[in-house]
Amino acid sequence: MNISSVLQKEKLNKDDLIFLLGRIAPDELDQLYAAAYAVKKEWVGNVDYYRGLLEFSNRCIKNCCYCGIRRDNGEVERFDTAKEDILAMARWCYEQQYGSVTLQSGERQDAAFIDFVEAVLREIKQIAGGALGVTLCAGEQTKETYQRWYNAGAHRYLLRIESSNPDLYKTLHPQDGYHRWDVRKACLDSLAEIGYQVGTGVMIGLPGQTLEDLADDILFYKQQNIAMIGMGPYVVHHNTPLGKQVCEDGLDSPEARMERLRLSVNMVAVTRLFLKDVNIAATTAMQTLHPFGREMALKAGANILMPLVTLPQFRNQYQLYDNKPCLEDGQEQCRNCLSARVASVGDRVGWGQWGDSPHFFNHLK
Ligand code: SF4
């Protein structure tokens with residue numbers, strides 16, 4: 001097998017995905033990323049879309065072993081954003097021609113939370129007659145709740161599967177009957193049945209994760225008909241069970257972090273080559289490991305950026321992992337900085353457009 005012949009193939013199989021994911025030689029990586037960027041240009045254009053990311057609450061009933069805002073992390077001060085502030089930021093996104101806003105929070109399933117999100121969605125849809133696209137990212141819910149939120153105006157939903165391998169998923173979550181892979185997968189199914197554009201993704205470079213696992217993750221995206229993909233390197237949070245273990249085992253050296261970044265960029269490229277017409281985010285976690293991590297992802301096939309619009313006073317309390325970048329930047333700085341990043345790779349910004357995944361519409365045809 002050599003990289004040129006694999007990249008010329010009409011259809012890639014699982015062995016090809018594993019082969020491509022494992023490339024490390026600089027000349028091979030150049031070929032891989034150039035091929036993925038060419039597919040991006042052909043299928044989704046060299047236009048990158050913004051989703052203003054508003055982290056509106058860090059309260060969470062879950063205890064995922066890798067996450068900085070897990071329920072048992074007593075170091076975190078919990079916050080909720082008032083409805084008026086969420087609406088003001090959504091309006092700001094609209095005025096800045098972001099096209100879409102993403103509302104993200106920890107997971108809660110109580111009636112007050114469900115009602116609150118529903119009310120916020122209804123009011124956001126009144127901004128400029130529904131011109132602002134809305135993506136939700138608020139964890140596992142019943143199908144009924146997802147339906148209510150859809151009816152209120154959300155049309156995209158992000159729920160990371162974290163790993164398509166149920167055994168690996170178990171190592172990332174407490175075994176309390178409350179963090180179940182099959183439930184998460186069933187949520188993805190419900191979202192698709194309701195009519196959402198469904199997004200998912202995985203963490204890359206986890207202890208015990210193999211190239212075959214990552215290839216299976218890409219096959220999982222295809223099998224689930226996923227329209228939007230948000231994935232990134234595993235980044236340690238110091239006050240989590242997984243983060244402590246990884247540090248104790250000596251697995252968080254600078255070399256190990258660079259390896260996770262390389263693997264993540266390879267995942268973006270191979271996913272673009274294999275799925276072609278989906279949206280793929282250049283995630284902030286990439287930039288945590290390298291100042292130009294997001295540019296690398298854009299050059300390898302990503303086409304979505306999520307500038308932070310979380311209120312400045314809450315940003316420090318929404319750290320899923322350590323050293324999250326841009327915490328000190330105002331939303332104007334984020335906007336300008338990301339636009340410069342987009343221009344630097346030769347792309348342009350799709351101002352004022354929803355930038356829906358072409359895949360969502362192509363698979364309905
Ligand atoms: S990953 Fe999500 S569900 Fe898990 S603890 Fe963090 S915010 Fe909660």
Side-chain angles (χ1 to χ4, degrees), residues 53-81 102-110 112-114 116-117 135-142 145-146 149 154 156-166 168-188 190-191 198-207 209 217 228-246 281 283-285 288 306 308 310 314-324 327:
L53 177 60
L54 179 46
E55 299 149 331
F56 66 93
S57 171
N58 65 353
R59 295 184 200 282
C60 189
I61 56 173
K62 290 280 180 67
N63 236 344
C64 305
C65 301
Y66 49 84
C67 178
I69 62 168
R70 64 199 301 270
R71 187 186 66 220
D72 286 356
N73 185 1
E75 284 181 359
V76 176
E77 202 182 315
R78 303 290 164 171
F79 72 88
D80 301 295
T81 309
T102 297
L103 301 182
Q104 186 176 61
S105 71
E107 187 172 309
R108 279 175 55 190
Q109 297 168 345
D110 55 283
F113 179 74
I114 294 166
F116 176 79
V117 172
T135 308
L136 258 186
C137 181
E140 295 169 15
Q141 304 290 340
T142 63
T145 299
Y146 287 144
W149 290 348
R156 308 183 186 121
Y157 202 100
L158 293 173
L159 183 70
R160 278 192 180 198
I161 192 74
E162 304 300 359
S163 171
S164 63
N165 177 343
L168 186 57
Y169 187 90
K170 271 190 197 158
T171 68
L172 306 172
H173 297 92
Q175 292 311 292
D176 53 4
Y178 198 50
H179 295 74
R180 288 172 42 191
W181 187 91
D182 56 337
V183 171
R184 209 157 180 85
K185 153 90 168 56
C187 285
L188 289 173
S190 297
L191 290 162
V198 181
T200 195
V202 297
M203 277 186 293
I204 299 158
L206 290 162
Q209 189 180 45
D217 291 338
M228 317 177 297
I229 292 156
M231 55 189 173
Y234 166 63
V235 184
V236 163
H237 187 285
H238 65 281
N239 196 29
T240 57
L242 186 67
K244 286 177 184 165
Q245 190 62 50
V246 162
T283 54
T284 314
T288 305
M306 301 174 83
L308 205 55
T310 303
F314 297 142
R315 291 184 180 196
N316 273 320
Q317 281 108 268
Y318 206 99
Q319 295 203 55
L320 307 186
Y321 48 78
D322 291 338
N323 304 317
K324 185 175 166 187
L327 293 180

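Position 1 is the first residue of the sequence, and the numbers go up from there. Atoms considered below: every heavy atom in the structure, side chains included; atoms not considered: hydrogens, waters and symmetry mates. Counting starts at 1 for both ligands and their atoms, following the listed order.
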### Task
Mark yes or no for whether Asn58, through its side chain, and Gln317, through its backbone, hold a donor-acceptor pair below 3.5 Å.
yes
### Expected output: side-chain Thr200 to main-chain Ile161 donor-acceptor under 3.5 Å
yes
So, for [X] and [Y], which heavy atoms are closest and what is the spacing to 0.1 Å?
X	Y	answer
Met306	Thr102	CE-OG1, 3.7 Å
Gln141	Tyr146	N-OH, 3.1 Å
His237	Tyr66	CB-O, 4.0 Å

Which ligand 1 atoms does [X] reach within 4.0 Å, using its non-hydrogen atoms?
X	result
Tyr66	1 (S)
Cys60	3 (S), 5 (S), 7 (S), 8 (Fe)
Ile69	7 (S)

#### Entry: Atom pair CD (Gln175) and NZ (Lys170), whose distance is rounded to the nearest 0.5 Å
6.0 Å
### Query
Would you say atom 2 (Fe) of ligand 1 has a protein heavy atom nearer than 4.0 Å?
no
### Query
N/O/S atom of Cys64 under 2.8 Å from atom 6 (Fe) of ligand 1, yes or no?
no
### Message
Could you work out, for atom 5 (S) of ligand 1, the closest of His237, Glu162, Arg70, Glu55 by heavy-atom distance?
### Response
Arg70
### Query
Hey, is atom 8 (Fe) of ligand 1 within less than 2.8 Å of some N/O/S atom on Cys67?
no
